[in-house]
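Data first, discussion second: the structure below is written as structure tokens.
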Amino acid sequence: MEEIKPVIERKPIILSGIQPSGSLHIGHLTGAIKNWVELQEKYDCYFTIVDLHAITVRQNPAELRKRTLDLAALYIACGIDPEKCSLFIQSHVPEHTQLSWVLTCYTGMGELERMTQFKAKSEKYTSNVNAGLFTYPILMASDILLYQADLVPVGEDQKQHLELTRDLANRFNFNYSDTFKVPEPYIAPVGARIMNLQDPESKMSKSDENLKASIFLTDSYNEIVKKIKSAVTDSDAEVKYDKVKKPGVSNLMTLYHIATGKSFVEIETEFIGKGYGDFKGTVGVAVADYLKPITDKYAAIRKDENYLKEILQKGAEKARNQASRTLAKVYKKVGFVSFK
Ligand code: TRP
């Protein structure tokens with residue numbers, strides 16, 4: 001009788017990286033993190049905080065250290081479960097830089113010169129156009145290829161980097177033999193776009209100078225209520241969804257919808273005959289209530305730095321387990337001597 005081999009079902013692998021720069025706002029929660037929380041149920045997920053990428057622009061060391069831990073705590077507070085996925089800091093897994101060097105030797109200068117983000121950043125940071133800014137996409141490719149990721153959730157601005165990652169994987173596989181999984185972009189279901197509270201025609205942004213423009217996930221209850229009270233609306237007094245004519249009110253309706261699940265029609269009905277003062281007050285409290293479990297959990301986790309570091313250390317161990325296997329294969333294939 002023929003032996004029946006058990007089929008080991010491997011969950012598809014997802015990897016994504018987040019830069020520890022700026023603070024996360026409510027748009028990140030609804031646009032990205034919420035998706036990730038769902039993904040960790042179906043996929044084998046690696047979420048890394050890419051501090052190595054962050055130093056391609058100048059960082060204050062104490063700030064960078066703080067923001068890296070802030071971000072880790074925030075992810076956990078939002079529902080990223082370190083038991084279900086690997087949450088780790090990129091610099092804790094030395095294989096990223098090791099693979100990056102090998103891949104650097106397989107990347108053409110012209111391929112990097114074409115990158116639109118490099119062009120944009122070298123125009124923005126003219127006094128510091130360092131080589132890291134230039135080779136940044138290779139480090140990103142290494143992040144992805146080390147874990148044999150099937151899917152990479154990325155925004156529009158990172159698609160070109162993912163394309164390069166695929167080219168590098170194919171090139172290496174072709175030159176040697178199958179080594180890397182060639183990853184696909186993961187297009188997340190689009191969440192509502194959250195707009196700037198002070199300028200509702202542009203998106204909420206983590207690097208906005210005006211702190212009243214964004215609702216940060218680290219804001220206190222009262223700060224949230226206050227920011228929504230002072231949100232820019234328009235001069236008539238009707239609560240009605242109209243993105244073109246009433247971008248401010250529409251944005252607050254979107255936030256209220258996210259916080260309560262109420263539809264736009266229900267919201268419009270609720271505020272018939274009431275002024276913007278009432279409306280903003282109700283939305284402010286609803287949004288603050290909605291974020292409160294996250295804010296509370298964040299504060300508790302962030303306070304206990306030893307616990308946080310323990311989680312990150314375990315995450316790095318899990319990640320290294322996979323990363324070191326891929327790197328060993330690569331080293332062997334390119335002809336480095338090994339003792340094993
Ligand atoms: N370059 C990405 C950004 O700026 C961050 C990043 C680094 C990343 N490594 C990654 C994203 C790997 C996805 C996968 O947003």
Side-chain angles (χ1 to χ4, degrees), residues 12-25 27-29 31-33 35-36 39-40 43-59 64 67-68 71-72 74-75 80 85-101 103-104 107 111-112 114-122 124-125 130 132-169 180-188 203 205-207 315-316 319 322-323 326:
I13 298 169
I14 284 210
L15 177 131
S16 201
I18 330 106
Q19 293 221 35
S21 55
S23 309
L24 291 184
H25 57 67
H28 291 118
L29 177 67
I33 310 174
N35 285 325
W36 293 11
L39 291 175
Q40 52 179 6
Y43 299 92
D44 197 357
C45 292
Y46 292 88
F47 296 124
T48 174
I49 300 173
V50 293
D51 53 351
L52 296 171
H53 278 98
I55 64 162
T56 52
V57 301
R58 285 290 160 261
Q59 301 285 344
L64 178 61
R67 271 196 267 105
T68 302
L71 198 58
L74 206 46
Y75 275 94
I80 298 293
C85 64
S86 310
L87 177 65
F88 65 98
I89 298 176
Q90 187 187 28
S91 64
H92 288 171
V93 181
E95 284 81 0
H96 290 244
T97 35
Q98 292 174 296
L99 178 60
S100 187
W101 172 252
L103 294 181
T104 300
T107 310
E111 287 180 297
L112 296 177
R114 273 205 298 279
M115 294 291 133
T116 48
Q117 191 171 71
F118 170 69
K119 289 190 225 163
K121 284 201 178 174
S122 50
K124 186 168 169 195
Y125 303 102
N130 63 72
L133 207 53
F134 190 61
T135 57
Y136 176 112
I138 310 175
L139 181 58
M140 174 161 163
S142 308
D143 299 341
I144 297 165
L145 299 179
L146 269 180
Y147 300 94
Q148 307 290 348
D150 297 276
L151 294 169
V152 183
V154 281
E156 207 44 55
D157 63 327
Q158 297 298 319
K159 282 226 178 109
Q160 203 184 20
H161 293 163
L162 191 61
E163 219 24 72
L164 176 72
T165 305
R166 291 168 52 83
D167 289 345
L168 292 177
F180 297 121
K181 174 88 204 175
V182 182
E184 303 280 339
Y186 172 84
I187 312 295
K203 249 174 82 169
S205 149
K206 65 177 171 184
S207 45
Q322 173 57 46
T326 302

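Keep in mind it's a predicted model, so treat the numbers as computed, not measured. For this chain, numbers begin at 1 and follow the sequence in order. As a basis for the values below, the full set of heavy atoms in this structure was taken, side chains included, without hydrogen atoms, waters or symmetry mates. Note that ligands are numbered from 1 as they come in the structure, with each ligand's atoms numbered from 1 the same way.
- Closer than 4.0 angstrom to ligand 1 sit non-hydrogen atoms from Leu15, Ser16, Gly17, Gln19, Val50, His53, Tyr136, Met140, Asp143, Ile144, Val152, Val154, Gln158.
- You'll find the ring centres of Phe88 and Tyr147 inside the 6.0 Å limit.
- Across all non-hydrogen atoms, the minimal contact from Val50 to Pro20 is O-CD, 3.5 Å.
- With rounding to the nearest 0.5 Å, the separation of CG in Leu151 from NZ in Lys181 is 8.5 Å.
- Ring centroid separation for the pair Phe118 and His161 does not come in under the 6.0 Å cut-off.
- In summary, the side chains of Glu95 and Thr326 do not present any donor paired with an acceptor at a separation below 3.5 Å, with no hydrogens or angles considered.
- Between the side chains of Ser91 and Asp51, at least one donor N or O sits under 3.5 Å from an acceptor N or O.
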